[in-house]
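Numbered from 1 within each chain, the chains take letters A, B, ... in sequence-line order.
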Amino acid sequence: MTPTMYSPDGRIYQVEYAIETVKRGTLAIGIKTQNGVLVAVEEKARALQTSNITQKIFQVDRHIGVAAAGYIPDARIQVDRARLFAQSNKIAYDESVEVETVSKHLADQCHQFTQYSGVRPYGVSLIIAGVDQKGESVYVTDPSGTYVSFAAVAIGAGAEEVNDFLEKAYADNITLEEGAALAIAAVNLKSHNEDGVKHIKMAFISSDTKSLEKVSDEDLQKYSKLALEKFKNNA
Amino acid sequence: MTPTMYSPDGRIYQVEYAIETVKRGTLAIGIKTQNGVLVAVEEKARALQTSNITQKIFQVDRHIGVAAAGYIPDARIQVDRARLFAQSNKIAYDESVEVETVSKHLADQCHQFTQYSGVRPYGVSLIIAGVDQKGESVYVTDPSGTYVSFAAVAIGAGAEEVNDFLEKAYADNITLEEGAALAIAAVNLKSHNEDGVKHIKMAFISSDTKSLEKVSDEDLQKYSKLALEKFKNNA
Amino acid sequence: MTPTMYSPDGRIYQVEYAIETVKRGTLAIGIKTQNGVLVAVEEKARALQTSNITQKIFQVDRHIGVAAAGYIPDARIQVDRARLFAQSNKIAYDESVEVETVSKHLADQCHQFTQYSGVRPYGVSLIIAGVDQKGESVYVTDPSGTYVSFAAVAIGAGAEEVNDFLEKAYADNITLEEGAALAIAAVNLKSHNEDGVKHIKMAFISSDTKSLEKVSDEDLQKYSKLALEKFKNNA
Amino acid sequence: MTPTMYSPDGRIYQVEYAIETVKRGTLAIGIKTQNGVLVAVEEKARALQTSNITQKIFQVDRHIGVAAAGYIPDARIQVDRARLFAQSNKIAYDESVEVETVSKHLADQCHQFTQYSGVRPYGVSLIIAGVDQKGESVYVTDPSGTYVSFAAVAIGAGAEEVNDFLEKAYADNITLEEGAALAIAAVNLKSHNEDGVKHIKMAFISSDTKSLEKVSDEDLQKYSKLALEKFKNNA
Amino acid sequence: MTPTMYSPDGRIYQVEYAIETVKRGTLAIGIKTQNGVLVAVEEKARALQTSNITQKIFQVDRHIGVAAAGYIPDARIQVDRARLFAQSNKIAYDESVEVETVSKHLADQCHQFTQYSGVRPYGVSLIIAGVDQKGESVYVTDPSGTYVSFAAVAIGAGAEEVNDFLEKAYADNITLEEGAALAIAAVNLKSHNEDGVKHIKMAFISSDTKSLEKVSDEDLQKYSKLALEKFKNNA
Amino acid sequence: MTPTMYSPDGRIYQVEYAIETVKRGTLAIGIKTQNGVLVAVEEKARALQTSNITQKIFQVDRHIGVAAAGYIPDARIQVDRARLFAQSNKIAYDESVEVETVSKHLADQCHQFTQYSGVRPYGVSLIIAGVDQKGESVYVTDPSGTYVSFAAVAIGAGAEEVNDFLEKAYADNITLEEGAALAIAAVNLKSHNEDGVKHIKMAFISSDTKSLEKVSDEDLQKYSKLALEKFKNNA
Amino acid sequence: MTPTMYSPDGRIYQVEYAIETVKRGTLAIGIKTQNGVLVAVEEKARALQTSNITQKIFQVDRHIGVAAAGYIPDARIQVDRARLFAQSNKIAYDESVEVETVSKHLADQCHQFTQYSGVRPYGVSLIIAGVDQKGESVYVTDPSGTYVSFAAVAIGAGAEEVNDFLEKAYADNITLEEGAALAIAAVNLKSHNEDGVKHIKMAFISSDTKSLEKVSDEDLQKYSKLALEKFKNNA
């Protein structure tokens, strides 16, 4: 039963199983706002783990960040390839790669591993968020090789419920700060430590700087308060 | 049980299973008219999905569009190859590639994956619609590697019933506008939101411009009214 | 159970299963006459299918036609290779390739896929009919890699019964026109629309022109009448 | 269970199964005589099959003929290679290849397919008969890669009984004509149309001409009478 | 069931089984201190085994040591590659490779063997401890291809319990000597010879020298006493 | 279950099964004497088989002969390679290859096919007998890749009993003639036609000539008488 | 179940089965002494086997010997590669290769066959004994790819019990002669012919000569007497 096999009802089992890997991963969120995009992940570090290093948010290029849910080593490898791809694009065309171009490239990688035997499909979904000449955008890739653009999206464990929440709570005109609050509210929807931020990592790419920046713990605290004010009722 | 295996009664199971994948895909339609061709798909976006981007209609060349049903990442990959093929043809022969040539090329791709082990057959059917020096034409490819030319055709979930409808309602002398109405009527035959167009994407290639153009939501609304007038009784 | 496996009683199952694919295909016929050869197929098009294009009769070279029964995409691929082979021959030897040479080449292709694992045998039988410097000839290839020469032959669903009919009705001295009538009678032997010709495609290669020509619908009608006169009793 | 596998009792199943294929083939016979060698096969053509072409006797070189029993397409491929080998030998050494050299080459081909996985063993036995500078000789190869020299030998269906008959009826000093009669008697031993020759094809290589010649139907009739005179009692 | 296969619930079995190999390995520990890092392993030599050679602590570069738990030959091979990688880095960039760079390289190696068939995943976890221009650091890789940074960490049999102990007993400001005592206490937590050091191997990389040095048996004795004083209660 | 697989008790099944093939082969014998070495085989030809050609004794080089038991086509292929090897050695070192060198080369060939998948182990044992600058020697190779030197040895069906006989009857100081008698007695120990020699083939390499010579049927008769005189009681 | 597969509890079955092959091999021993190292094996030759050739002790280089237990053809192949490796080292560095370097090289070879599919792990353990610039040393490799240094060690059938004996009887300051006696006592511990030496082969590498020398049968007799004196009680 390699990826090259269909079930009698036309499903590619190994791809569907790989999507299960994603569903078992911790939650990741991407939000597009008026003045930038953000990615956020729930990340529970072990007690003595060096906590300032995130395993699940990656920078692909100056203006593009990635959040992952599922089998994280696959995400690291995919991001490594995307970095190389982004640099090659910059050299070839003398301008920063577009977010969609990177997203399509990552999805094509995924697709390739659904067709040939001897490899497994990637077991990870990625949220690719960035700001380029076309503006802000947030894409999602999954093990099947699909890529889709969203205004706000959650992947990983509990994503279905969180997406329902985002649908209700999201508005086109929110700011990055409000987006951060929304992301915190969304993560805490499913988390036991409901109002805290210790288990959350977040990164901004503002439309001005077009540059990925880690959100500090202090700022996370601030946005957490905002989250309680604005989104408590939506949950 | 690789694609290279026959069942005792001479069927290639993996190809037949791949055709099941197509049958589980959402409906896609292609129609040839007096003054152009069109492709239309049913496409239900998730709430926060960026809705102006279609996943299921692709442009291969200026004068050729594709609508897909089944495993959409396969369609994307096939279209990527077809684009390259179309460009290579233009460079080699200094004229636009013919629609049939592209269709045969896509079908040959499909066939290749029915014969060799280590890969699965493509899990997608494509409607290739275009206008070339020979006039308007609409082709369909499927996982078996077949390609066939139609005046009007539906693929995907419910295609059988919709094809019966098209057979009754189609006439050789219809215009693009009437074709659009027919396509809307056909999609809504199987859809719950019977008379709406929000779940429909469509593209025209008019015989004059020989150029693919997205049909706007306003125009879809207009054709929807025409559909109610003309084809309500055929359903 | 790849093609490389024998059953305990010395049969190559995958080849025998591929022959089942041929038996499930629609009928194809080839007839050698005094003044030319012909191929004919039963081909039921779907209602809106562009009916003037046949899926089952192919032209390999000016003087050689092919009719197929079984898995038609395999036939298309085999014919593509045969065309290339015929052109290469013409270039190398500066004369048209012989019908037997093409037939052997096609059979060798088939054989290759019965011996190596990782591929399935071709699931199609071909009738190769042509006129060359040695005169008229009709060959049949099958998935096992066999090629045999016949005066008149049927392959596909019901071939056994139709071959019995041909045996009784065929005479060495028939003309192309009588051959066409015989072919129509033979196809209609097994078909429900007994006397019609809408479901029949036919091509002639006359000994004079040594050039494949499609038989028009009007001519098919004419030969159909002849068929009723001459062969009604043989059935 | 590829050819690379032994059974617990040390048998290579796929080779033994391939030998079953030979046993299911129609009878082929080779006989060495005072003034030449001959090969003969039982070959039942279908009614409209072009009867003057044999499927089971091949010419490898001017002075070497082959008769096959089993999976005939394999024989054709083996003979094609043997022809090339014979021509290469002639070019390299400027004299006709020896019959044993060709036989060993054919057996080596067979052996190769008993050792490596991914292919099936050849499903055919060959009788290689020829006249070279060492005189007349008749060899047999089989799917295991064995080659053995005989004075007279039968392979295929019923070979065991026919070999017993040959053993009793054969004499060292017989002539080609007597050999032909012996071969006819041997074939008809197992055949239902006991005394006819329509189902028999035969070829001579006389010691004088060292050149393969088809035996005509008239001559076959003549030898058939001789067979009835001489060998009726041996059966 | 190759590494390329997912279970229906999205787990890569072979990777999880390889992690079982690690859990069956003897304990290994890595600790980061104020003035250096250390690795320690439990290593029970057989009676006549040359005892001054450790099988489970390796030097990758002057400033980087590795401790392994699981299938030790895999560790040796991984370390060999890491040594080459470290040397190549030094030559390319003219400065010592960073500990994280080596750790990522080792994890990437592990990942590669989780994706392709025809190989098994590595059955070993590594603690990579070193001092570079960024200071002291301790990383852990595992068969899945993950790498994570820790202040103090245990892998192998009983690691869970020992990590709980380290969590309670570890403090950021401990010295190398206190770290050594902590490591001894940690190993002896699960060992039968509770207070001895014969079964322990240890290596220091001090922040001053940035050079790996084996801890002598006398020093181990000294630190063992310190362990009894300081950490007896934590256990 | 390829050759690359061990059973739980550490046996390589395919190698052991291949050794069964040897045990099912007819008997072969090698004997070292004062003035030369000999090989002998039991070889039952079919009635019309050309009897002066042996299938089971081969000449590798002027001074080296081989007798085989088991799957004879494997022996032929191995010998072909050994001949090439012997010639290459002669060219490279300008002296005849040593018997041990050839034996090791043959055993290495055997070994190779016990380690890699996709091939089966050779199903044959060889007795390599020769006279070189080191004197007379007799080696045996088997499917496992072992090679061992013997003074006298039997392989194939009944080898165990025959080796017991050789052990009792063999003496270091026997001559080639006595060795021939011993070999005949040994073969007839297990054969039904107890005292005859028709079923025996033998070849000598005398220490003087260092050249393989077939033993004539007359000489075999002579040695047969000697066998009855000398070894009747040992049996 | 290739070598690339783990069991659910993290064991590599094929490696463990290969270790069973070693346990079924006859005993081999390596001992390090004050003035040299030795290897000894139990080797029961068949009656007519040329007894002065050992199958289980090999010379890798002038100063390095190997004793093997398990699947001996694997040992031969491994030693062949080690010889090449030793010669290459000598050429590259202009000094004799170290014993540890050879041992690691042999273990790396073993490891390689535990990781990739399509091959089986080596089914042999080797004792590598030698004297180099670092002094005397004895290493053991096994199918898992491990290599460990010992003062005295036994492998093969009964090794566990014999190692217990060596542990008790071994002393650091023994001489080569005493080591030989110890080895004989150790072999005879498990052997039926308790005090004999006919079934024992031994080789010395003295610290003076650094050159492997076979121990003569007379010397074995002498050491056997010493064994009875010194080690009878230890058993």
Side-chain angles (χ1 to χ4, degrees), chain A residues 1-5 7 11-25 43-56 58 68-81 83 109-110 112-114 116-125 142-143 156-157, chain E residues 1-15 30-32 100 103-105 107-119 121 134-154 159-160 162-172:
Chain A
M1 207 165 28
T2 67
T4 67
M5 298 289 295
S7 69
R11 296 154 72 198
I12 311 175
Y13 278 145
Q14 282 294 304
V15 170
E16 303 210 352
Y17 295 173
I19 290 171
E20 287 303 310
T21 308
V22 174
K23 288 188 185 157
R24 292 171 65 225
E43 189 162 349
K44 290 168 194 140
R46 283 204 281 169
L48 292 173
Q49 195 172 330
T50 310
S51 64
N52 64 331
I53 299 173
T54 166
Q55 297 282 321
K56 296 176 184 164
F58 306 86
Y71 191 64
I72 298 304
D74 279 358
R76 202 180 66 231
I77 297 303
Q78 283 209 288
V79 165
D80 276 354
R81 296 193 180 168
R83 281 171 183 153
Q109 270 185 43
C110 289
Q112 200 179 353
F113 288 173
T114 70
Y116 298 95
S117 68
V119 287
R120 58 174 175 78
Y122 279 123
V124 74
S125 269
D142 79 2
Chain E
M1 207 165 29
T2 66
T4 67
M5 297 290 295
Y6 290 94
S7 69
D9 58 343
R11 295 155 73 198
I12 311 174
Y13 278 145
Q14 282 294 304
V15 169
I31 295 176
K32 175 180 158 182
E100 188 188 352
S103 303
K104 180 174 184 310
H105 181 73
D108 285 354
Q109 269 186 45
C110 289
H111 178 268
Q112 199 179 354
F113 288 173
T114 70
Q115 181 126 37
Y116 299 95
S117 68
V119 287
K134 290 190 177 161
E136 300 77 22
S137 55
V138 172
Y139 284 87
V140 171
T141 64
D142 78 3
S144 75
T146 304
Y147 74 99
V148 181
S149 172
F150 288 93
V153 69
E160 210 158 322
V162 174
N163 275 318
D164 287 349
F165 166 73
L166 287 175
E167 212 172 296
K168 279 179 280 176
Y170 181 78
D172 277 358

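Taking OG1 of Thr21(A) as the reference point, atom OH of Tyr6(E) lies at 5.0 Å (rounded to 0.5 Å). We find the NZ-OG1 distance between Lys32(E) and Thr50(A) to be 5.0 Å, quoted to the nearest 0.5 Å. Taking NZ from Lys23(A) and CG from Asp9(E), the interatomic distance works out to 12.0 Å, rounded to the nearest 0.5 Å.
In this structure, Arg46(A) and Glu167(E) have side chains that are not in contact, with every pair of non-hydrogen atoms separated by 4.5 Å or more. The shortest side-chain heavy-atom distance between Met5(E) and Tyr17(A) does not fall under the 4.5 Å cut-off. Side-chain contact check for Gln112(E) versus Ile77(A): every heavy-atom pair is 4.5 Å or farther apart.
Under a 3.5 Å cut-off, the side chain of Glu20(A) and the backbone N or O of Arg11(E) do not form any donor-acceptor pair. Put simply, the side chain of Tyr71(A) never gets that close to the backbone of Ile12(E): no donor and acceptor are under 3.5 Å apart.
Of the atoms belonging to Asp74(A), heavy atoms from both backbone and side chain fall under 4.5 Å from chain E. Neither the backbone nor the side chain of Ser137(E) comes within less than 4.5 Å of any heavy atom of chain A.
Closest non-hydrogen pair, Arg120(A) versus Thr114(E), comes out as NE-O, 2.7 Å. Across Arg24(A) and Gly10(E), no two heavy atoms sit closer than the pair NH1-O, 3.7 Å.
For Tyr122(A), the ring pair (Phe, Tyr, Trp, His ring centres under 6.0 Å) criterion is met by Phe113(A), not counting sequence neighbours.
Donor-acceptor pairing under 3.5 Å is lacking for the side chains of Thr146(E) and Arg76(A).
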